[in-house]
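Naming: A, B, ... by sequence-line order, numbering from 1 per chain. Quantities reported herein were computed from a predicted structural model and do not represent experimental measurements. Just so it is clear, the values below take in all heavy atoms, side chains as well, and ignore hydrogens, waters and symmetry mates.
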Number of protein chains: 2
Amino acid sequence: MARVTLQTIADRLGVSRATVSYAFSRPDQLSDGLRRRILEVADELGYAGPNPTARSLRLGRAGALGMIFSETLAYAFADPYAVGFFQGLATAAEDAGVGLCILPLPHGDRRSETVRDAVVDSFCVMSLPDGHPALAEVFARKLPVVMVDEPYVPGHPFVGTDEPTAAATAARHVLELGHRRVGVAMVGLHDDGYTGWASQERQESALFEAMRRRRGGYQRAFEEAGVDWSGVPFYEVARNTRAAGKKAGHALLGCDPRPTAILTNTDVLALGVLDAASDLGLDVPGELSVVGFSDSAAEDAGLTTIRQAKREMGEATGRLLLSGAAAKPERLIFPHELIVRTSTAPPPRSPRR
Amino acid sequence: MARVTLQTIADRLGVSRATVSYAFSRPDQLSDGLRRRILEVADELGYAGPNPTARSLRLGRAGALGMIFSETLAYAFADPYAVGFFQGLATAAEDAGVGLCILPLPHGDRRSETVRDAVVDSFCVMSLPDGHPALAEVFARKLPVVMVDEPYVPGHPFVGTDEPTAAATAARHVLELGHRRVGVAMVGLHDDGYTGWASQERQESALFEAMRRRRGGYQRAFEEAGVDWSGVPFYEVARNTRAAGKKAGHALLGCDPRPTAILTNTDVLALGVLDAASDLGLDVPGELSVVGFSDSAAEDAGLTTIRQAKREMGEATGRLLLSGAAAKPERLIFPHELIVRTSTAPPPRSPRR
DNA sequence: ACATCCTCCTTAATCAATTAAGAGCTTAAT
DNA sequence: ATTAAGCTCTTAATTGATTAAGGAGGATGT
């Protein structure tokens, strides 16, 4: 059972390959009779239709948008922020009738040429650390690229959030409620798998730009409020999971004096902190205030958080890529919003020890 | 700025195209000196590397797995069950170093040739109604296909759940607790946008096979317990959202006599039913028991549900497709499990009116 | 001195289509 | 009758690579 191509059908009918091609893609170029006969024979021979790869090559378009993510794909799909973004991106792809191709990057010792070999027309790069090798591979492809959240590469379009301001808004919220002993739990600063207390130096040298800037926003708000940042307990976790959040929560709540508020840079982490508070029998928000980030899992838990326009960001990224506008180095900063729910309140008058 | 191809570089250096190709893909075939010179010139000319589409054509492999979903992509990404499945599928794709290409289907009056033109090596088809035109387009491609949840097409590999048994398990749980006035809320039976009470005939003629079978499981369990199915209030909603679940909850809880338990075919719907119960000031599980399905959003809410191995199903599907085993018509039925949490209890002794 | 073996590179076939331009032939208009 | 216009189909160039087989030249073995 040899491969069936246009040529096979052409030979069988004694017509030219071009004629068979027209039968499939330009019905107006052929008489109805011949066209019918061609389609009949195609069916008979089990022809699978014009080969998409050959078509792509000839037409110079792949019909797909490539998406690159720094983490493993399992991790990406477990992150509500990323999934929300995908939703928007997928909507844009759908509207344009192109596929959304999620590309795995090599992790660990695994080699992979996915970026080099991906049959796509453009790339969306999300949360890659500054010098990640995949970034160079993407640029080498000379296709339209939009960077999301990080890294910001001058001269290339960017979609993101005003991280320092958003973080400062979250911090200011608890500071204005009167909290002075505040702990911070963050994920996504480095990719070395470290979980534990983070020194000032480690904080500032964070590999991931967006989270580094977000942290900077916290610090600025604290300093503006006259709170010494070096006294702020700062716990870093390696994975954005509820369990990691719980661990951070226990660490922070074990400090003496105990914080009356905890800031986290994801909602998932914040939920874990709530778990820790619950373990210790602490009333939230009576004895402890907790703030999340990105409003991705926050509603049910009554979490105060910073809402980000995930879907809109995804859609905008898609449109930028699909409209060809990605040639211009636009920089779209999407608005954020503080959503105050029931996880934050003024600190207790006389803190329980 | 004309296109730079292997040939451009070859011409510039006065070598053959093949030599340049070897410089990129088979370093051992070339002297180091020439290879270096080739790469240098390539860089100089701004060559983007061997064209992936041409490569794909020549090598006969696309390096991507196509995924098809009956709903809009925004909807798919909003469904925790689907996202869980994606997680597993993506993991398998990642391990194999291939991309995961999510293909939009035409919706409404939109035309689209995405299935016909998708540059992929295989297809994963999830939850397509029996006669959906995309299914024929997929088969026409003559590539490996795995069907997930539905439709089951004899002779093709299938990955899914024992729907009738799983549903019967959920139903039996409340029946064994002593409930006799039970309501049912389901989504995903038809795709005509209908929301409201569903007649027996409408139930049985459901377009989507998996949900049709799931419903059959409920009915069987009721009949085995001696409960007349025709007296069971059955509310159907068009979309798998919390708001829709709430609407269904209000409808069902407005029945006289009021149900003491409600079965839903998704956790999202169940959360909505809990919202409705809360609106009415009903105690769960004291006055109302609620059961979800798929354990996708259930833990925090304490929802009793049927756990499905979403991730494992996705991974198995991926492996089937990527190992070439999809040629054999395997039928993988994954186990389910009743998870009893705090949303179910025996019915109240003397029901409040 | 001759055969043999490498190393390095070229030739040419192949992958499977699309499409502008042109060639016959028929039909219609003048 | 003649010219122009329409249909329908073919020719041939093009898209950008990969790779088996072969050739030229130098090094090695006997």
Worksheet item: Within this structure, what is the CG-to-C1' distance between B/L59 and D/dT18, rounded to whole angstrom?
Response: 6 Å
Worksheet entry | B/F69-B/F85 aromatic ring centre distance below 6.0 Å | no
Worksheet item: Just checking B/T5: base, sugar-phosphate only, or nothing, at a heavy-atom cut-off of under 4.0 Å?
Response: sugar-phosphate
Worksheet item: Does atom CZ of B/R116 have more than 12 heavy-atom neighbours from other groups under 6.0 Å away?
Response: yes
Worksheet item: Between A/P104 and B/A93, which heavy-atom pair has the shortest distance, and what is it?
Response: CG-O, 4.4 Å
Discussion item. Rounded to whole Å, please give me the gap between CG in A/D117 and P in D/dG16.
Written reply: 17 Å
Practice prompt. To the nearest 0.5 angstrom, please state how far the CE atom of B/M313 sits from the OG1 atom of B/T161.
Written response: 4.0 Å
Discussion item. It should be established whether B/S16 places a side-chain nitrogen or oxygen under 4.0 Å from OP1 or OP2 of nucleotide C/dT10.
Written reply: yes
Discussion item. Taking the axis from the first five pairs and the axis from the last five, what angle separates them in the helix from C/dA1-D/dT30 to C/dT30-D/dA1, rounded to 10 degrees?
Written reply: 40°
Discussion item. Checking B/S16 against B/T19 for the side chain to side chain donor-acceptor pair (under 3.5 Å) test, could you report, in this order, the C-alpha distance in whole Å, the side-chain angles of both residues, the deciding distance, and whether it holds?
Written reply: CA-CA 5 Å; B/S16 78; B/T19 307; 3.0 Å; yes
Worksheet item: How far apart are the closest heavy atoms of B/G99 and A/L103, and which atoms are they?
Response: CA-CD2, 4.3 Å
Practice prompt. Could you tell me which non-hydrogen atom of A/A309 sits nearest to which non-hydrogen atom of A/F334, and how far apart they are?
Written response: CB-CD2, 4.2 Å
Produce the list of close N/O pairs, under 3.5 Å, pairing protein atoms with atoms of nucleotides 12-15 of chain C; give distances to one decimal.
residue	atom	partner	partner atom	Å
C/dT14	O2	B/R58	NH1	2.8

Discussion item. For the residue pair B/R239 and B/Y75, would you count it as a cation-pi contact if the rule is NZ or CZ under 6.0 angstrom from the ring centre and within 45 degrees of the ring axis?
Written reply: no
Fill in: Output field: ring centroids A/F86/A/F77 closer than 6.0 Å
yes
Worksheet, complete the sentence: Here the distance between atom P of D/dG16 and atom OH of B/Y22, to the nearest Å, is 21 Å
Fill in: B/R141/B/E137 under salt bridge (Lys or Arg N to Asp or Glu O under 4.0 Å): CA gap, chis, key distance, verdict
CA-CA 7 Å; B/R141 288 289 303 271; B/E137 290 180 41; over 6 Å; no
Practice prompt. Rounded off to whole Å, could you give me the CG-to-P distance for the B/L6 and C/dC9 pair?
Written response: 16 Å
Worksheet item: How far apart are the C-alpha atoms of A/D149 and A/Y81, what are their side-chain angles, what is the distance that settles it, and do they pass the side-chain contact (heavy atoms from CB on, under 4.5 Å) test?
Response: CA-CA 11 Å; A/D149 286 345; A/Y81 175 76; 2.8 Å; yes
Discussion item. Quick check on contacts: within residues 23-47 of chain A, what sits under 4.0 Å from DNA chain C by heavy-atom distance?
Written reply: A/Y47
